Amino acid sequence: MLVFFSIDAVIEHMAYRDLKESFWNFPTGKDVVKIEVMPQQFAWNIRYAGADGEFSTADDMVAPLSQMHVPINVPVVVQASSFDVVHAFYVPELRFKQDIVPGLVTTFWFQTIKAGKFEIACSALCGNGHYKMRATLTVESKEEFEKWLKEQAPQEGSGDD
């Protein structure tokens, strides 16, 4: 019995180490783009963390509905949580899919190597309007991304007070 428990302990340790190195090793640093994705029937709500790198603060930027922009060759860390039912963040061209479950915050990351516009689809049947649940992922240069972010930020004295 001791031999079997020893072998199990070694296998568990190796599995945990591999998970920690492969899946839970999120990029950090100034260049990382942090995005919060909050799907709901039948749209994608997307928010970018501001300069402080935290969500739900005054410097956050809410993107237009169902639009995500990211810079090329820069790590993007996404925190996702559903408002209503199970959704799935799916970008076929990137071969990337992540389920998003209500009540749970799912964190994942990706890094693109090709510029262009790609479709974000919900690949979990989420209701009668599921076919409408699409968004656009725009991968662009860092300069174009920064310009887009500035265009989305509320302007001083714009009367939005």
Side-chain angles (χ1 to χ4, degrees), residues 8-140 142 145 148-149 152-154:
D8 283 347
V10 169
I11 291 172
E12 286 290 324
H13 173 72
M14 290 170 47
Y16 180 78
R17 184 193 66 217
D18 291 346
L19 281 171
K20 187 176 176 184
E21 289 175 9
S22 300
F23 295 107
W24 301 329
N25 189 14
F26 297 108
T28 57
K30 290 182 122 183
D31 287 344
V32 174
V33 175
K34 292 184 179 180
I35 300 176
E36 186 174 48
V37 174
M38 298 158 290
Q40 69 183 49
Q41 294 175 320
F42 299 97
W44 296 94
N45 300 293
I46 298 166
R47 176 173 36 186
Y48 291 78
D52 62 0
E54 300 291 326
F55 294 111
S56 300
T57 58
D59 65 347
D60 289 358
M61 192 285 291
V62 177
L65 195 61
S66 299
Q67 289 185 29
M68 180 185 283
H69 286 242
V70 298
I72 193 168
N73 290 322
V74 173
V76 177
V77 175
V78 179
Q79 290 182 351
S81 185
S82 174
F83 279 124
D84 43 28
V85 298
V86 174
H87 296 282
F89 183 90
Y90 178 48
V91 184
E93 292 88 354
L94 300 180
R95 297 182 187 155
F96 185 81
K97 179 182 176 272
Q98 179 64 56
D99 291 338
I100 303 172
V101 180
L104 297 176
V105 176
T106 304
T107 306
F108 58 92
W109 74 279
F110 63 92
Q111 184 170 338
T112 58
I113 58 170
K114 180 180 177 184
K117 288 191 183 239
F118 307 101
E119 179 183 21
I120 299 171
C122 179
S123 63
L125 185 57
C126 58
N128 291 338
H130 169 71
Y131 68 95
K132 297 187 288 186
M133 190 144 178
R134 296 172 185 228
T136 303
L137 170 64
T138 303
V139 180
E140 56 202 353
K142 189 156 177 80
F145 172 71
W148 179 81
L149 274 180
Q152 306 309 309

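The structure presented is a predicted model; accordingly, all values stated were derived computationally and were not measured. Computed from heavy atoms alone, side chains included, the values below leave out hydrogens, waters and symmetry copies.
- Residues Ala51 and Asp59 share a closest heavy-atom pair of N-OD2, 2.9 Å.
- Within a 6.0 Å radius of CZ in Phe55, more than 12 heavy atoms belonging to other residues, nucleotides or ligands are found.
- Taking every heavy atom of both residues into account, Ala80 and Phe108 meet most closely at CB-CE2, 4.1 Å.
- Side-chain N or O atoms of Gln41 include one that pairs as donor or acceptor with a backbone N or O of Cys126 at under 3.5 Å.
- Taking the six-membered ring where the residue is Trp, Phe96 and Phe110 present tilted rings, their angle falling between 30° and 60°.
- Residues Ala88 and Trp44 share a closest heavy-atom pair of O-CH2, 3.7 Å.
- In this structure a side-chain-to-backbone donor-acceptor pair under 3.5 Å is missing from His87 to Ala124.
- Applying the salt bridge (Lys or Arg N to Asp or Glu O under 4.0 Å) definition to pairs two or more places apart or across chains, those involving residues 114-136 are Glu119-Arg134.
- Residues Ile46 and Gln67 come closest through the heavy atom pair CD1-O, 3.4 Å.
- Under a 3.5 Å cut-off, the side chain of Asp60 and the backbone N or O of Arg47 do not form any donor-acceptor pair.
- Separation of atoms NE2 (His130) and CZ (Phe42) is listed at 9.5 Å; rounding is to 0.5 Å.
- In this structure the side chain of Pro102 reaches within 4.5 angstrom of the side chain of Val86, judged on heavy atoms.
- The structure places SG of Cys122 at 11.0 Å from CZ of Phe89, a figure rounded to the nearest 0.5 Å.
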**Item:** CA sep, side-chain torsions, deciding dist, call: Phe83, Asn45, side-chain contact (heavy atoms from CB on, under 4.5 Å)
**Value:** CA-CA 10 Å; Phe83 279 124; Asn45 300 293; 3.5 Å; yes
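- Each side chain to side chain donor-acceptor pair (under 3.5 Å) pair with one or both residues in residues 92-105, not counting sequence neighbours, appears once here: Lys97-Asp99.
- A 6.0 Å sphere centred on CG of Asp52 holds more than 12 heavy atoms belonging to other residues, nucleotides or ligands.
- Contact annotation: the side chain of Lys34 never approaches that of Phe26 to less than 4.5 Å [non-hydrogen atoms, C-beta and beyond].
- Checked by atom type and distance alone, the side chain of Asp18 never pairs as donor or acceptor with a backbone atom of Ala15 at under 3.5 Å.
- Atoms OG1 and CH2, from Thr138 and Trp148 in turn, are 8.0 Å apart once rounded to the nearest 0.5 Å.
- In this structure, the side chains of Ile113 and Asn73 come closer than 4.5 Å at one or more pairs of heavy atoms.
- Formation of a donor-acceptor pair under 3.5 Å by the Ser82 side chain with backbone atoms of Val101 is not found in this model.
- A distance of 7.0 Å separates OG of Ser81 from CG of Leu104, quoted to the nearest 0.5 Å.
- Rounded to the nearest 0.5 angstrom, Gln79 CD and Ile35 CD1 are separated by 11.0 Å.
- In this structure, CZ on Phe145 lies 13.0 Å from CD1 on Ile72, to the nearest 0.5 angstrom.
- Smallest separation of non-hydrogen atoms from Glu54 and Ala49: O-CB, 3.8 Å.
- Listed here is the closest heavy atom pair of Leu137 and Val70: CD1-CG2, 3.8 Å.
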